[in-house]
Each structure stands twice: as C-alpha cells, then as structure tokens.
Undergrad: 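Encoded as structure tokens, here's the structure I'll be asking about.
The first residue in the sequence is number 1, and the count goes up from there. The analysis underlying the following values was restricted to heavy atoms, covering all of them including side chains, and did not include hydrogens, waters or symmetry mates. All of these numbers come straight from a predicted model, not from anything done at the bench.
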Amino acid sequence: MDERIKKHFMSLNTDPLQKKFGKNLIIKENLSKYSWFNLGGPADFFFRPENKDQLIEFLISIKKYNHKIHVLGAGSNTLIRDSGVKGVVIKLGSKFSNIKLLTKDTIEVGASTLDRKASSFAKNNSISGLEFLACIPGSIGGAITMNSGCYGSDMSKVLKSIRIVDYNGKEKEIKNDDIEFFYRGTNIPENYIILSAVLKGTISSKELIEKKEEKFIQQKKESQPSQIKTGGSTFKNTNEKKAWLLIKESGCDKYYIGDAKISEKHCNFFVNNGKATTAEIEQLINKVKKEVQNKTGVDLDLEIKIIGDEK
Ligand SMILES: Cc1cc2nc3c(=O)[nH]c(=O)nc-3n(C[C@H](O)[C@H](O)[C@H](O)COP(=O)(O)OP(=O)(O)OC[C@H]3O[C@@H](n4cnc5c(N)ncnc54)[C@H](O)[C@@H]3O)c2cc1C
C-alpha cells in the first residue's frame with residue numbers, strides 16, 4: 001500500500017463504527033475480489049449488512065461523517081480504481097438474496113439475488129418474461145439500476161416496483177410508473193439503495209420457457225466471451241450503430257496496454273488478461289474512445305461504471 005493511502009487510513013477514526021458493527025464492517029477491505037475485472041484497491045469502510053434494520057442503523061450512524069457511499073452489487077458492471085474507494089462501500093450480501101412467489105405470475109426478489117437465480121425461479125413456477133436474466137451475470141439491484149437486458153427484453157418490462165432505503169435510512173416503495181427507464185439506466189437517485197423488487201411475468205409452459213432460455217444462452221455463448229475478467233460491454237451502443245462495430249471500423253479492436261486487452265470474440269468487451277491494472281484498462285478505454293471519435297465522429301458513452309479515486 002502506498003504512503004498516501006496509508007496516511008489516509010491513519011486519519012480515519014474507525015474505532016466507534018467498528019465497535020458498533022463488528023464483523024459486518026471491514027476497514028481497508030480490498031475490493032478486487034468483488035469486481036468481475038478482479039481489480040481495485042481498498043475501501044475505507046466495507047459494510048455488508050446483516051439485515052435491513054442494521055443497514056438503516058449504519059446509514060444513520062455514518063451520516064455525521066459525510067462519507068461518500070457506493071453500493072456494489074455483483075460487480076459485473078463495475079471497474080474499481082487501483083487507489084480504492086475513499087468512503088463507504090455497501091454490499092448487500094447473501095442476507096438480501098431471497099425469492100418469494102407473490103401470485104402465480106409475480107415474484108418478490110431480494111436485491112442481491114443473482115439474476116440467473118431469479119430467472120430459474122420464474123421458470124420453475126412457469127413464469128415467462130424473465131428468461132433474459134439467465135444471461136446476465138449480475139444481481140437484481142444492479143440489473144434494475146442499469147436497466148439491464150438482452151434479446152429484446154430489459155428490466156423495465158418486468159419490474160412492478162422496488163423497495164428502497166435512502167442514505168438517511170428512510171424506506172419506501174416506488175412503482176414502475178414512477179421510474180424513468182432508458183437504455184442501460186434509470187432515473188433512480190444515486191442515494192437510494194434497492195432492497196428488493198417485485199417482478200411480473202406471464203404464465204406459460206415450463207418447456208417453452210426452458211427452450212427460450214436455452215436459445216438465449218446459446219446465442220450468448222456464440223457471440224460473447226466467457227470465463228474472462230471483464231465488465232461486459234464497455235461502451236453503450238448508439239442509436240445508429242453497435243459500439244463493437246464502431247470500435248472495429250475504427251481499427252481499435254486489437255489495441256492493448258500491458259495486460260489490458262480487448263476480447264477477440266467481442267471487441268466491446270475489455271479484459272484484464274491477468275496482470276492489468278485499472279489504470280491500464282482506463283487508458284485503453286480512453287484510447288479507444290478518442291480513436292473512435294477521430295475516425296467516426298461518435299463520442300461513445302461508457303456503459304460500465306468506474307468508481308474510486310484517481311491518484
Ligand atoms: C460477461 C458479462 C456479460 C454481460 N452481459 C450483459 C447483458 O447481456 N446485458 C446487460 O444489460 N448487461 C450485461 N452485463 C453487464 C452487467 O452484468 C449488468 O449491468 C448487471 O446488471 C450489473 O449487475 P451487478 O449486480 O453486477 O452490478 P454492479 O456492477 O455491482 O453495479 C452496477 C450499478 O448498479 C448499482 N447497484 C447495484 N446494486 C444496487 C442496489 N442494491 N441498490 C442500488 N444500486 C445498486 C451500483 O451502484 C452500480 O451503479 C454483462 C457483464 C458481464 C461481465
């Protein structure tokens with residue numbers, strides 16, 4: 001750990017919070033294991049609440065410190081900077097992973113539930129509409145925030161409502177109609193932590209759902225790499241063209257910086273090929289963005305979220 005980071009940690013008064021929240025609060029937790037890129041430095045405070053009440057108690061307790069707060073889902077869309085995250089990272093762990101059948105076509109899902117588990121639960125209850133979630137490696141909280149989707153579906157189409165707690169510890173329910181969804185995003189305020197969601201599909205036959213799901217998974221296998229350290233699509237597609245096509249046409253698809261590479265199978269997937277740093281991945285992102293802008297005039301927008309502090 002470099003001197004600046006060491007000094008920063010020494011300046012934090014961590015004792016009172018650590019006493020109160022015990023093993024659920026880790027100081028200087030290295031974040032790389034919580035990101036699909038397998039990259040990132042330490043968080044000042046890493047909090048994994050035991051339950052909703054403890055989360056609320058924590059939010060109220062830290063208010064006076066004015067720490068910046070980040071919420072992490074499964075980390076499949078997040079690149080964490082090498083110097084880590086000053087402030088608090090909250091990750092809803094397994095205690096927020098649960099699924100309940102509410103009516104025959106409607107389920108309630110905890111925010112940390114993996115998308116594929118929600119999809120599988122829906123399938124087992126003959127609920128169609130959530131098959132696309134079998135292809136997305138994140139959590140339900142991340143999927144809602146990102147309005148994640150593929151093959152013509154996205155979260156906006158299946159989400160009925162969410163339960164949230166804001167950074168002041170206030171809880172409320174928000175209905176789909178009160179959320180604005182757009183391509184890979186929503187207007188849900190950044191200071192809302194999604195606790196759970198109600199998802200609605202349509203009743204169908206289990207066999208048909210299974211077929212649809214298998215088709216999606218196959219399509220994914222053919223078009224996208226697997227078993228790599230990545231955040232999926234780095235840039236958003238534009239209305240006119242897919243981001244990967246713009247990257248390819250601009251001649252950037254073979255660019256690399258150290259071990260920061262671009263997937264041979266899908267050139268919008270940027271990869272930590274083993275020993276990359278976040279700085280190298282970011283340099284590669286910026287290099288590609290600049291070149292695409294020069295060659296095509298298109299200013300690509302990031303789909304992945306980059307968190308943490310620049311040195
Ligand atoms: C191999 C691969 C394939 C992918 N394929 C697809 C695809 O087909 N379609 C697609 O849309 N995406 C895809 N992605 C991207 C990614 O999986 C999705 O964006 C996913 O929904 C992110 O979920 P997560 O839990 O990992 O979120 P994270 O990366 O942890 O977080 C993403 C954002 O959600 C916020 N967030 C997470 N949980 C909560 C919560 N409980 N409350 C409030 N905010 C929260 C975070 O603060 C952050 O802003 C892919 C990624 C990979 C690695």
Undergrad: When you check the gap from the basic side-chain N to the acidic O, do K175 and E173 get nearer than 4.0 Å?
TA: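 Answer for the salt bridge query: yes.
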Undergrad: Nearest 0.5 angstrom please: N38 CG to K229 NZ, how far?
TA: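 Taking CG in N38 and NZ in K229, the distance rounds to 4.5 Å.
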Undergrad: Could you check whether any side-chain heavy atom of F132 comes within less than 4.5 Å of a side-chain heavy atom of D115, counting everything from C-beta outward?
TA: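 Counting from C-beta outward, F132 and D115 never come under 4.5 Å.
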Undergrad: Counting distance only, does the side-chain N/O of D259 pair as donor-acceptor with the main-chain N or O of K275 below 3.5 Å?
TA: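 Answer holds: yes.
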Undergrad: Side chain of S112, backbone of G93: donor and acceptor closer than 3.5 Å?
TA: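 Present.
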Undergrad: Rounded to the nearest 0.5 Å, what's the gap from OG on S139 to CG on L133? Could you check?
TA: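 Between S139 OG and L133 CG, I get 10.5 Å after rounding to 0.5 Å.
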Undergrad: Answer yes or no: is there a side-chain heavy-atom contact under 4.5 Å between F45 and L17?
TA: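 Yes, close enough: below the 4.5 Å cut-off.
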Undergrad: Would you say D82 and T278 are linked by a side-chain donor-acceptor pair, where the criterion is simply a distance under 3.5 Å?
TA: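 Present: a donor and an acceptor within the cut-off.
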Undergrad: So is K261 actually on top of Y256's ring, under 6.0 Å and inside 45° of the axis?
TA: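 Checked: cation-pi criterion met.
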Undergrad: Show your reasoning for whether side-chain contact (heavy atoms from CB on, under 4.5 Å) applies to E303 and Y183.
TA: CA-CA 10 Å; E303 179 168 327; Y183 169 58; 4.0 Å; yes
Undergrad: Working to the nearest 0.5 Å, report the span between CD1 of I304 and CE of M146.
TA: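 Here the interatomic distance stands at 9.5 Å.
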Undergrad: Using a strict threshold of under 4.0 Å (side-chain N to carboxylate O), is an ion pair present between K289 and D299?
TA: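 K289 and D299: salt-bridged.
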Undergrad: Any idea which heavy atoms bring I217 and C135 closest together, and the distance?
TA: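 Taking I217 first and C135 second, the nearest heavy atoms are N-SG, 3.9 Å.
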Undergrad: So which atom in I80 and which in S35 form the shortest heavy-atom distance, rounded to 0.1 Å?
TA: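 The answer is CD1-CB, 3.8 Å.
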Undergrad: Quick check: is I174 connected to F181 through a chain of hydrophobic side chains (ILVMFWY, heavy atoms under 4.5 Å apart)?
TA: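 Same cluster: F181 reaches I174 through Ile, Leu, Val, Met, Phe, Trp or Tyr contacts under 4.5 Å.
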Undergrad: Treat each ILVMFWY residue as a node, draw an edge where side-chain heavy atoms are under 4.5 Å apart, and state whether L59 and I164 are in one component.
TA: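 No, L59 and I164 fall in different hydrophobic clusters.
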Undergrad: Go through T106 and K160 one step at a time and tell me if the side-chain hydrogen bond (donor to acceptor under 3.5 Å, both in side chains) criterion holds.
TA: CA-CA 9 Å; T106 305; K160 281 205 73 172; 5.7 Å; no
Undergrad: Could you tell me whether a side-chain N or O of D44 sits under 3.5 Å from a main-chain N or O of G87, the two making a donor and an acceptor?
TA: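 Here the side-chain-to-backbone pair exists.
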Undergrad: Of the non-hydrogen atoms in E171 and I56, which two are nearest, and what is the gap between them?
TA: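 Taking every non-hydrogen atom into account, OE1-CD1, 4.4 Å.
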Undergrad: Could you tell me whether K157 atom NZ has more than 12 heavy atoms of other residues or ligands within 6.0 Å of it?
TA: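 Correct, the count exceeds 12.
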Undergrad: With a 4.0 Å cut-off, would you call R81 and E282 a salt bridge?
TA: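 Yes.
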Undergrad: Go through the side-chain N and O atoms of S97 and K117 and say whether any donor and acceptor fall under 3.5 Å apart.
TA: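 K117 and S97 do not have a side-chain donor-acceptor pair below 3.5 Å.
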Undergrad: With a 4.5 Å heavy-atom cut-off, do S161 and N176 have their side chains touching?
TA: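 S161 does not reach N176 side chain to side chain.
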Undergrad: Is there a path of hydrophobic side-chain contacts, each under 4.5 Å between heavy atoms, that joins L92 and I188?
TA: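 No, separate clusters.
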Undergrad: Is any side-chain heavy atom of Q18 closer than 4.5 Å to one of I27?
TA: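 Side-chain contact under 4.5 Å: yes.
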Undergrad: Taking the side chain as every heavy atom from C-beta outward, state whether N272 and I281 have any pair of such atoms under 4.5 Å apart.
TA: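 Yes, close enough: below the 4.5 Å cut-off.
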Undergrad: What's the separation between atom CE in M155 and atom CD1 in I179, rounded to the nearest 0.5 Å?
TA: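 Atom-to-atom, M155:CE and I179:CD1 are 10.0 Å apart.
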Undergrad: Scan side-chain atoms only and decide if E131 and Y151 contain a donor-acceptor pair under the 3.5 Å cut-off.
TA: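 On atom types as modelled, these side chains do not qualify, holding no pair under 3.5 Å.
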Undergrad: Go through the steps for N125 and I107 under the test side-chain contact (heavy atoms from CB on, under 4.5 Å), then give the verdict.
TA: CA-CA 10 Å; N125 286 284; I107 62 176; 5.7 Å; no
Undergrad: From I99 CD1 over to L114 CG, what is the distance, rounded to the nearest 0.5 angstrom?
TA: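 Answer rounded to 0.5 Å: 9.5 Å.
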Undergrad: So, the side chain of T145 versus the backbone of G141: is there a donor-acceptor pair under 3.5 Å, distance only?
TA: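 Confirmed, T145 side chain pairs with G141 backbone.
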Undergrad: Is a donor from one side chain sitting under 3.5 angstrom from an acceptor on the other, for E291 and S250?
TA: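 Side chains of E291 and S250: no pair found under 3.5 Å.
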Undergrad: Would you check if there is a donor-acceptor pair between the side chains of Q218 and E222 at a distance under 3.5 Å?
TA: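 Short answer, yes.
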Undergrad: Between N268 and S233 (side chain of the first, backbone of the second, donor and acceptor by atom type, cut-off under 3.5 Å), is there such a pair?
TA: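 Checking the backbone N and O of S233 against the side chain of N268, no donor-acceptor pair under 3.5 Å is found.
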Undergrad: Give a yes/no verdict on a cation-pi contact between K287 and Y255, requiring under 6.0 Å between NZ or CZ and the six-membered ring centre and an angle within 45° of the axis.
TA: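 That pair qualifies as a cation-pi contact.
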Undergrad: Measure from the side-chain N and O atoms of N187 to the backbone N and O of E180, and report whether any donor-acceptor pair falls under 3.5 Å.
TA: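 Present.
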Undergrad: Salt bridge or not between K248 and D253? Use side-chain N to carboxylate O under 4.0 Å.
TA: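 Salt bridge: yes.
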Undergrad: Before you tell me yes or no, could you show the steps for S119 and E213 under side-chain hydrogen bond (donor to acceptor under 3.5 Å, both in side chains), namely the whole-Å CA-CA distance, both residues' side-chain angles and the distance that decides it to 0.1 Å?
TA: CA-CA 9 Å; S119 172; E213 192 182 278; 3.2 Å; yes
Undergrad: Less than 4.0 angstrom from a charged side-chain N to a carboxylate O is my criterion; do K100 and E108 meet it?
TA: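 Yes, K100 and E108 are salt-bridged.
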Undergrad: When the ring planes of F47 and F21 are compared, do they come out parallel, tilted or perpendicular, using 30° and 60° as the limits?
TA: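 F47 and F21: perpendicular rings.
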Undergrad: Can you name the nearest heavy-atom pair linking P225 to S263, along with the distance?
TA: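 Taking P225 first and S263 second, the nearest heavy atoms are CG-OG, 3.3 Å.
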Undergrad: Is the backbone of A118 close enough, under 3.5 Å, to the side chain of T113 for a donor and an acceptor to pair up by distance?
TA: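 Absent.
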Undergrad: Looking at CZ of F96 and CG of N51, how far apart are the two atoms once the value is rounded to the nearest 0.5 Å?
TA: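 Answer for the CZ-CG pair, F96 versus N51, is 6.5 Å.
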Undergrad: In terms of side-chain heavy atoms, does K63 have a donor or acceptor partner in N168 at a distance below 3.5 Å?
TA: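 Distance-only check passes for K63 and N168.
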Undergrad: Counting distance only, does the side-chain N/O of R184 pair as donor-acceptor with the main-chain N or O of G149 below 3.5 Å?
TA: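 Yes, the answer is positive, given that a donor and an acceptor are paired below the 3.5 Å cut-off.
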Undergrad: V71 versus Y167: any side-chain heavy-atom pair under 4.5 Å?
TA: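 The answer is yes; the side chains approach within 4.5 Å.
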Undergrad: Tell me whether the rings of F269 and H266 are parallel (<30°), tilted (30 to 60°) or perpendicular (>60°).
TA: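 Taking H266 first and then F269, their aromatic rings sit tilted (interplane angle of 30° to 60°).
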Undergrad: Could you tell me which non-hydrogen atom of A243 sits nearest to which non-hydrogen atom of N237, and how far apart they are?
TA: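 A243 and N237 have their closest heavy atoms at N-OD1, 2.8 Å.
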Undergrad: Are the side chain of K265 and the backbone of K221 linked by a donor-acceptor contact shorter than 3.5 Å?
TA: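 Side chain of K265 to backbone of K221: a pair is present.
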Undergrad: Hey, are E50 and K95 close enough for a salt bridge, meaning a charged N less than 4.0 Å from a carboxylate O?
TA: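 Between K95 and E50 there is a salt bridge, with a charged N closer than 4.0 Å to a carboxylate O.
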Undergrad: Can you say whether the rings of F235 and F270 are parallel (under 30°), tilted (30 to 60°) or perpendicular (over 60°)?
TA: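 Perpendicular: the ring planes of F235 and F270 meet at over 60°.
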Undergrad: Looking only at side-chain N and O atoms, does T296 offer a donor or acceptor that is under 3.5 Å from a partner on Q293?
TA: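 Checked: Q293/T296 side chains show no N/O donor-acceptor pair below 3.5 Å.
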Undergrad: I'd like to know if the side chain of N147 and the backbone of S156 have a donor-acceptor N/O pair within less than 3.5 Å.
TA: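 Yes; judged by distance alone, with no hydrogens or angles, the pair exists.
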Undergrad: Side-chain heavy atoms nearer than 4.5 Å, only ILVMFWY residues, links allowed to pass through others: does that put V88 and L25 together?
TA: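 V88 and L25: one cluster.
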Undergrad: Using atom types as modelled, flag every donor-acceptor pair under 3.5 Å from a side chain in residues 189-207 to any protein atom, sequence neighbours excluded.
TA:
residue: Y192; atom: OH; partner: K172; partner atom: NZ; Å: 3.2
residue: K200; atom: NZ; partner: D105; partner atom: OD2; Å: 3.0
residue: S205; atom: OG; partner: L208; partner atom: N; Å: 3.1

Undergrad: How close do L284 and A260 get, counting heavy atoms only, and between which atoms?
TA: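 Scanning both residues, the minimum pair turns out to be CD2-O, 3.4 Å.
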Undergrad: Under a 4.5 Å cut-off applied to non-hydrogen side-chain atoms, are K241 and E249 in contact?
TA: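 Heavy-atom side-chain distance check passes, below 4.5 Å.
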Undergrad: Do L79 and I285 come close enough that some side-chain heavy atom pair is under 4.5 Å?
TA: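 L79 vs I285: side chains touch.
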Undergrad: Grouping I, L, V, M, F, W and Y whenever their side-chain heavy atoms are under 4.5 Å apart, do L302 and I136 come out in a common cluster?
TA: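 No, because L302 and I136 fall into different hydrophobic clusters, even though each may have its own neighbours under 4.5 Å.
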Undergrad: How about R163: does its CZ atom have over 12 heavy atoms from other parts shown lying under 6.0 Å from it?
TA: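 Yes, because the 6.0 Å sphere around CZ of R163 holds more than 12 heavy atoms from other groups.
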